[in-house]
Amino acid sequence: MKNVIEIERLTHRYGKRIIYEDMNFAVPQGKVVGLLGKNGVGKTTLIKILMGFLRPESGVCRIFGENPHNLSPATRARIGLLFEGHLAYEFMTISQIERFYSAFYPSWNRDIYFDLVDRLKLPYSHKIGNMSCGQRSQVVLGLIFAQNPDLMILDDYSMGLDAGYRRLFLDYLSEYVKDGTKTVFVTSHVIQDMEKIVDEVIFLLRGGEIIQTSLSEFMSDFRQYNFEKNITLEKLETDKIIRNIDTYGKSACVYSFESKEKVLGHIRGKGIDANNIQPVSMTLEDAFIGLTGKY
Amino acid sequence: MIKSLLYKEWLKLRYYWTVAFLINILFLAYLFIDIRHQFVFEHAEMIWYQAFHIGNILYDKIKYLPLVIGIIIGAAQFVPEMLGNRFRLSLHLPVEPDVLVFRSVVMGILSVGGIFLIDVFLLCYVISVFFPLEGAKSAFFTSLSWFFAGIVAYTGTALCALEPQNFRKIVYLVLTAGFVLIFYQGDNYESYNRIFLKPAIISFLFIPSVIFSAYRYRNRTNLA
């Protein structure tokens, strides 16, 4: 399977703060890949690098085999890009922005744009600058779908969308990826939506560590273990086996990619008197918090 | 695609351009009334003496008008692009980025240039109503440097708006102010006739420099 996005040995820092160091991953064609990470780990920075708006310190990025800083117009036309905050030309109206963008994209589908925009029940002469964040996002997503791109890069698509519009967006996205040729690289803070749409997840952790896996593999391999009775975990620290420790009141749990036996043995090896642990079923959001921590 | 890019620039500029155009027309109408007023209340030979012997430029009230128009059109065109970094939207369009910026600047120069051409025509007409043809010809050459200052003000505004680094913005601002001042050094009729070509040619270098600012915007290593 061809890779649409390739990142090799990517390093970037702001001053002394390392954002990524030797980061590698690829996004295969026909997949919906979710980039997940806490605020400030560099998700938007990564998208800016990928789209050639920021030059990384070192490393190689390729989109459709091209350097993001020298993307040919033909390749740009294949990429639908949603900027964080649903950026749009605020001086244009609903109809003006459609007229403007339609000239650039050969397979422009105006019906899909007006289908999404008509649900806003606004006149076409309504200025984008006078819209609410949710209304604007609907217009911007409509433009991206109308473009019918081979690759969609969506930076926090859910920002400002209410539950109904989020569901509507997911319906359109499912339709868009149905034939298996379209690729989506998406970030969002609404993790429960990601569970419905992504094939693969990339967890971006502080310091640039990444974990890339299929959603099904992650959900089956990453586990939360609850302790059967109240326990003190002061001696326990995160390591390769214990990915995270969460204590709340007198209860405690640990998160790990390892089996129950291995985790229990590891905890006992630290001199902690743990009789038994129980795996607990998790949603993607639980697992995301388990992996990255609450704070 | 070119039509679409022009359409976007027009949407940004249309109100500002129309207001700028009307202000210019009103200014020139005022100039006509002002000169006529002088001819009504003064002896014609006194006005002639003041204008062509003492060297008072009768129409220097429009001196800074092109400068203001250049800044307004430049800001109207590029500030909306930079608010919230919306310039990225333009850079993501399937068009070569340098070509895209160049077309925007050309559109802006045509917008200010259009107003300036009408100004020059009306100024020469107003002067020709009260003075011989030589007076109108002299008005053309005298005012040319002010209109060039307007073009420099426009490109300088674009340059500063697109530049991502604040320090460089200040440097460009100083450079622009310096170039603009060159065109305001003469306070006599046709002061620039012998030396006009050199600063005019150098001024045109401001146009590709806007492309350089846009290039720097695309190639930042820091978002600050």
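Just so it is clear: chains get the letters A, B, ... in the order the sequence lines come, proteins before strands, and each one is counted from 1.
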Checklist entry - Can you tell me how far the CG atom of Asn24(B) sits from the CD1 atom of Ile118(B), to the nearest 0.5 Å? => result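 Between Asn24(B) CG and Ile118(B) CD1, I get 8.5 Å after rounding to 0.5 Å.
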Return the option, out of [options], with the maximum number of heavy-atom pairs under 4.5 Å with chain A.
options                       : value
Arg218(B), Arg88(B), Lys12(B) : Arg88(B)
Met1(B), Glu81(B), Arg86(B)   : Arg86(B)
Pro80(B), Ser90(B), Pro97(B)  : Ser90(B)

Quick one: what part of [X] sits under 4.5 Å from any heavy atom of chain B, side chain, backbone, both or neither?
X         : value
Phe100(A) : both
Arg99(A)  : both
Tyr105(A) : side chain
Phe83(A)  : side chain
Ile97(A)  : neither

Checklist entry - Would a distance-only check, ignoring hydrogens and angles, find a side-chain to backbone donor-acceptor pair under 3.5 Å from Lys48(A) to Leu54(A)? => result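 Not confirmed, Lys48(A) side chain does not pair with Leu54(A) backbone.
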Next on the checklist: Would you say OH of Tyr16(B) has more than 12 non-hydrogen atoms from neighbouring residues, nucleotides or ligands within 6.0 angstrom?
Outcome noted: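 Incorrect, the count does not exceed 12.
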Checklist entry - Centre of Phe130(B)'s six-membered ring, under 6.0 Å away, within 45 degrees of the axis: is that where NZ or CZ of Arg36(B) sits? => result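 Not flagged: Arg36(B) not positioned over aromatic ring of Phe130(B).
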Checklist entry - Does the side chain of Thr75(A) come under 3.5 Å of the side chain of Glu66(A) through a donor N or O and an acceptor N or O? => result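 The criterion, which ignores hydrogens and geometry beyond distance, is satisfied for Glu66(A) and Thr75(A).
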Checklist entry - Contact part of Tyr217(B) toward chain A, heavy-atom cut-off under 4.5 Å: side chain, backbone, both or neither? => result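 Backbone only.
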Next on the checklist: Show, in sequence, the C-alpha distance, side-chain angles and deciding distance for Leu46(A) and Phe25(A), and conclude whether the side chain to side chain contact (heavy atoms under 4.5 Å, CB included) test is met.
Outcome noted: CA-CA 12 Å; Leu46(A) 183 60; Phe25(A) 72 83; 3.8 Å; yes
